Amino acid sequence: MRHGRVIFIALVCALIFGASVSCSKNYHSAFAEQAIKPADLIKMKYRPLKNGAVGESMGFKFLWVPFVSPSEADAKRDMLERLQKEGITTNGKHIGYTNATSDRGGFGFIGLIGAPTITLTSDVVEILGEAPPQPDIQPVRQ
């Protein structure tokens, strides 16, 4: 009887440990990939609206079950709402994001309860159009 109880406790501990150790997944951020790259930014006329704009989305997990998952769309909406609160209007403007990053993080307590988050950071620019082509400057040969 005592031997069976030890095995049961060991199995429960192994289950809790296995469930609390999360599998490492590569995080793929569509927001960061779709942001304007510096090489492309050179080719356009733009006006910076806000450097280092931040948006965050938070979820909720209980007993490893996600009840609300964080999303990049919610974080982007939060970023635009924060810009509105700062008095920066984006309505009717062609805006783009550059120098964008997306980070996953959050709080968790042994898998019992957790609050995963996605934090987006980027420079927000108003796109005014394409820049006029620059003439190719050839080096002077002597």
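Keep in mind the model is a prediction, meaning the values are calculated, not measured.
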| task | Would you kindly confirm whether M44 and V125 end up in one hydrophobic cluster when ILVMFWY residues are joined by side chain heavy atoms under 4.5 Å apart? | result |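 Yes, M44 connects to V125 through the hydrophobic network.
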Closest approach of [X] and [Y], non-hydrogen atoms and distance?
X: A75; Y: I118; answer: CB-O, 4.0 Å
X: K37; Y: A32; answer: NZ-O, 3.4 Å
X: A53; Y: V124; answer: CB-CG2, 3.8 Å
X: S29; Y: E72; answer: OG-OE2, 2.8 Å

Working to the nearest 0.5 angstrom, can you tell me the gap between [X] [atom1] and [Y] [atom2]?
X: M79; Y: S57; atom1: CE; atom2: OG; result: 12.0 Å
X: D103; Y: E56; atom1: CG; atom2: CD; result: 10.5 Å
X: N51; Y: T121; atom1: CG; atom2: OG1; result: 12.0 Å
X: S122; Y: K50; atom1: OG; atom2: NZ; result: 11.0 Å
X: F107; Y: I113; atom1: CZ; atom2: CD1; result: 7.0 Å
X: E33; Y: S102; atom1: CD; atom2: OG; result: 10.5 Å

| message | F31: which residues meet the ring pair (Phe, Tyr, Trp, His ring centres under 6.0 Å) condition with it, sequence neighbours left out? | response |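 With sequence neighbours excluded, F31 shows a ring pair (Phe, Tyr, Trp, His ring centres under 6.0 Å) to Y97, given in chain and number order.
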| message | Between I36 and I127, is there a side-chain heavy-atom distance shorter than 4.5 Å? | response | yes
| message | Would you say that D74 contacts M58 through its side chain, given a criterion of any heavy-atom pair below 4.5 Å between the two side chains? | response | no
| Is atom CZ of F60 surrounded by more than 12 heavy atoms (other residues, nucleotides or ligands) closer than 6.0 Å? | yes
| said: Between L63 and L112, does the side chain to side chain contact (heavy atoms under 4.5 Å, CB included) criterion hold? Intermediate values first, please. | reply: CA-CA 4 Å; L63 295 176; L112 297 176; 3.7 Å; yes
| message | Just to verify, what does K93 make a side-chain contact (heavy atoms from CB on, under 4.5 Å) with, not counting sequence neighbours? | response |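 Expected list: R47, L49, T89, I95, E126.
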